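To keep things clear, I will list the structure first and then write my remarks on it.
We use all heavy atoms of the structure for the numbers below, so side chains are in, but hydrogens, waters and symmetry mates are not. Remember, it's 1-based here, ligands and their atoms both numbered in the order they're listed. Bear in mind that the values here come from a model prediction, so they are computed numbers and not experimental data.
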Amino acid sequence: MNFDPSLIEILQDAKSVVVVTGSGISSESGVPTFRGEDGLWKTYRAEELATMQAFISNPELVWEWYDWRRGLISKASPNPAHKIIAEMESRYPEFLLVTQNVDGLHRKAGSKHIVEIHGNIRLVRCMEEGKEFFLEENPLSQLPPTCDCGALLRPAVVWFGEMLPVEALATAQEHIQKADLLITVGTSGVVYPVAHFPMLAKGTGARVIEINMERTPISSIADFTVLGKAGEVLPELWKASL
Ligand code: OAD
């Protein structure tokens with residue numbers, strides 16, 4: 001791949017970097033994205049599966065869907081894009097990875113400075129006590145699963161209409177405001193507040209690089225949009241910047 005020399009320079013000169021990832025980074029690991037041709041929201045309706053209202057009216061159906069996704073994800077392994085992002089941590093003095101993905105593949109790849117801003121699909125939360133813990137059983141023997149206290153457990157992920165975890169959002173915004181480079185990978189850039197992050201970064205003078213299979217609303221403000229598969233583009237880009 002041939003890259004614009006100023007794109008490589010941006011990667012070489014950066015000191016404070018934030019990487020924002022979306023479901024596209026995991027598609028080469030076999031985890032379906034939400035939007036696009038084979039996206040989950042083509043087959044399923046978000047409002048019937050990923051909202052508190054849906055959960056209250058049919059917890060079994062919601063859990064069936066999450067149990068199926070938990071199964072897919074448990075079989076998935078990180079791909080070269082996850083691995084390069086894990087490597088980036090040791091190169092930049094300031095680094096934060098903000099992922100909208102709940103699949104845990106970044107941690108599997110070795111990322112440590114990470115904010116899982118939409119939660120983690122292996123985590124569950126008691127509807128009564130609010131406590132969170134990892135529930136590894138898959139497939140679940142009981143749908144919907146319940147807590148020791150008898151209350152329903154829900155997936156500890158962010159659903160539509162819910163606030164993002166306050167601390168995670170604050171950490172992300174803090175890093176973005178002092179970043180000199182923000183890189184988005186495999187996100188459609190339509191779900192707020194994360195969709196606003198590139199604009200926030202531009203507002204404080206950072207450069208924005210986007211890696212995606214297609215152009216998105218982020219493309220219009222990005223300094224560079226590199227079109228291609230994250231698992232192919234990122235390793236090449238990284239090698240060229242060493
Ligand atoms: P989307 O499914 O909206 O977008 C995935 C993006 O990845 C698209 O722009 C694709 O073009 C791109 N893409 C697909 N394969 C790729 C690849 N191999 N390399 C690079 N790019 C690729 O996913 P998100 O932006 O993560 O929220 O969606 C954000 C949120 O919407 C999700 O966290 C989820 C969803 O509804 C909730 O469930 C609350």
Inset, instruction - Please determine if Arg70 and Glu64 form a salt bridge, counting it only when a charged side-chain N lies under 4.0 Å from a carboxylate O. - result: no
Legend entry - Lys/Arg-Asp/Glu bridge criterion (N-O < 4.0 Å) met for Glu116, Arg107: yes
Inset, instruction - With a 4.0 angstrom cut-off on heavy atoms, strictly below it, pick out the residues next to ligand 1 and order them by chain and number. - result: Gly22, Ser23, Gly24, Ser27, Glu28, Thr33, Phe34, Arg35, Trp41, Gln100, His118, Val158, Phe160, Gly186, Thr187, Ser188, Val191, Asn212, Met213, Glu214, Gly228, Lys229, Ala230
Restricting to non-hydrogen atoms, name the atom on [X] and the atom on [Y] that form the minimum distance, rounded to 0.1 Å.
X: Trp159; Y: Ala50; result: CB-O, 3.1 Å
X: Gly71; Y: Asn138; result: CA-OD1, 3.1 Å
X: Cys149; Y: Glu128; result: SG-CB, 4.2 Å
X: Leu49; Y: Val62; result: O-CG1, 3.6 Å

